[in-house]
Number of protein chains: 2
Amino acid sequence: MTTATASRTGRRTSLSRERIVQRALGLIDENGLDALSMHKLGAALDVKGMSLYHHVANKRDLLDGVVEAVWEEIEAAAPVLPDWRAGLRSVANAVRNTVRRHPRAATLIFSQQLMPEPALRVVRTHVAALVAAGFAEQRAYDLLRTIWSYAFGSAFAEITWDTADPGCAVDVRQMLRPGTPEDLAAVAEVFCGQSDADAQFELGLDLMLRGLDDPTPD
Amino acid sequence: MTTATASRTGRRTSLSRERIVQRALGLIDENGLDALSMHKLGAALDVKGMSLYHHVANKRDLLDGVVEAVWEEIEAAAPVLPDWRAGLRSVANAVRNTVRRHPRAATLIFSQQLMPEPALRVVRTHVAALVAAGFAEQRAYDLLRTIWSYAFGSAFAEITWDTADPGCAVDVRQMLRPGTPEDLAAVAEVFCGQSDADAQFELGLDLMLRGLDDPTPD
DNA sequence: ACCTGAACACCGTTCAAGT
DNA sequence: ACCTGAACACCGTTCAAGT
């Protein structure tokens, strides 16, 4: 299952929480969350599994670290922009693109009950930008939360339905239980086989952003 | 960990996939997904773990069954309504309320790569209603998908942030890593400590539904 | 037809050594 | 200070019995 290619590189540098977390994210991206064990992660780092416990408290702590690493990517991709609508758009796109880049790690973001620091920095930065644009603070939090929920919901729906092959369209049937009647399978094909996922994502985003008036100068 | 109360009831009725799946969902609701094992599930049904394999193919198949059971609850709570906006609202609320009723099982819906039949029936029914209201079929699918994504995203955000104690507000800090600086902790408290989750959910829903024009009669 | 004892490889985690 | 061998309880799963 695990390739033996990793055994030559990265033996000189010793372990660190950072290196362990990044390797874990890499392994999850490659083989899926279920295939990640402390034993295998150790092996991928040229070390025995037990050694990891010198740098992470336990597996839960390790996975918290992975969630934080994903959030750091979101943060880096979600700059504040002069126009407040464009700023909210940048948050939404950062969330969606990052989740799509790590589809097999994405479920962790919701299953670990955690708000890591990079996530909180995204909130702080963009709330501040909305307030600077004239919104009341409470309203700014509400708007950000709404866009945030939509972006995560869309990204999750997409990765659930994407069967990893962007080209071939008809593999939606893989996610149906064998007995599924033909008429329902046809429904799934239209609903899940998104011809243009980007346009679909924009639809909801546009609806929400166009519905918002510019803040009244107070 | 497991209470011994279950050992008296339910011994006379023999096993069935249905009974196994329902008990699994119950155990997940009580103790969380990580605490569910085939051994423990067997014990909760007065049987050895291996006996379950006569009724479910493996654990993945069992969890697929749990996802399907949750979808059946969503389906039952999402009736078609005369007004198309009210119909979309009923889907959104059914998703949100059901996810909130099974917070510890919710992550399964996205992590199992599966569209079970009750989910497909919800799609078919509500697309048909939108088409009857005058929308083009492709447009109907797009709208439903948008509302769907928002509802799941909101529900997931809520259960991630809800620390199970609806009363006490300040337990948001449990989801912060110990080192988190005070200013970021304050951000988390406003962002996650939703004073009125229902109103927050309605905000995004209203934005989207108000932005939609009635379909032009063709 | 359905339940089970025994067994397998694998898992997370601890701890007393080793260097 | 950091790595490891040995060991623990637990896990998913198989299979040859038992009834």
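Owing to the predicted nature of the structure, the values given are computational and were not obtained by experimental measurement. For the numbers below, each heavy atom of this structure counts, side chains included, while hydrogens, waters and symmetry mates do not. Quick note on labels: first sequence line is chain A, next is B, and so on, each numbered from 1.
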I need the A:Thr160 OG1 to B:Phe152 CZ distance, nearest 0.5 Å.
9.0 Å
Nearest 0.5 Å, what's the CG-OG1 distance between A:Leu203 and B:Thr146?
4.0 Å
Just to be sure I understand the rule, does [X] reach a base, reach only the sugar-phosphate, or reach nothing, if contact means heavy atoms closer than 4.0 Å?
| X | value |
| --- | --- |
| B:Met38 | sugar-phosphate |
| B:Leu36 | sugar-phosphate |
| A:Ser51 | base |

Determine whether the aromatic ring centres of residues B:Phe110 and A:Phe156 are separated by less than 6.0 angstrom.
yes
Around atom CD of B:Gln22, are there more than 12 heavy atoms of other residues, nucleotides or ligands at under 6.0 Å?
yes
Give me the stems containing DNA chain D, sorted by first residue, counting only three or more consecutive Watson-Crick or G-U pairs with both distances under 3.5 Å; say none if there aren't any.
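The stems are C:4-8 with D:12-16, C:12-16 with D:4-8.
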On DNA chain D, nearest-nucleotide positions of A:His39 versus B:Tyr53: which is more 5'?
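Closer to the 5' end of DNA chain D: A:His39.
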Donor-acceptor pair, side chain of A:Tyr141 and main chain of B:Cys192, under 3.5 angstrom
no
Tell me, please, the opening and closing nucleotides of DNA chain D, 5' to 3', among those with an atom under 4.0 angstrom from a non-hydrogen atom of chain B.
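Under 4.0 Å from chain B, the extent on DNA chain D is D:dC11 to D:dT14.
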With sequence neighbours left out, write down each residue that passes ring-ring contact (aromatic ring centres under 6.0 Å, His included) with A:Tyr53, or none if nothing qualifies.
none
Does a salt bridge link B:Arg104 with B:Glu30, judged by any charged N lying under 4.0 Å from a carboxylate O?
no
Can A:Arg96 and A:Asp198 be counted as an ion pair, charged N to O under 4.0 angstrom?
yes
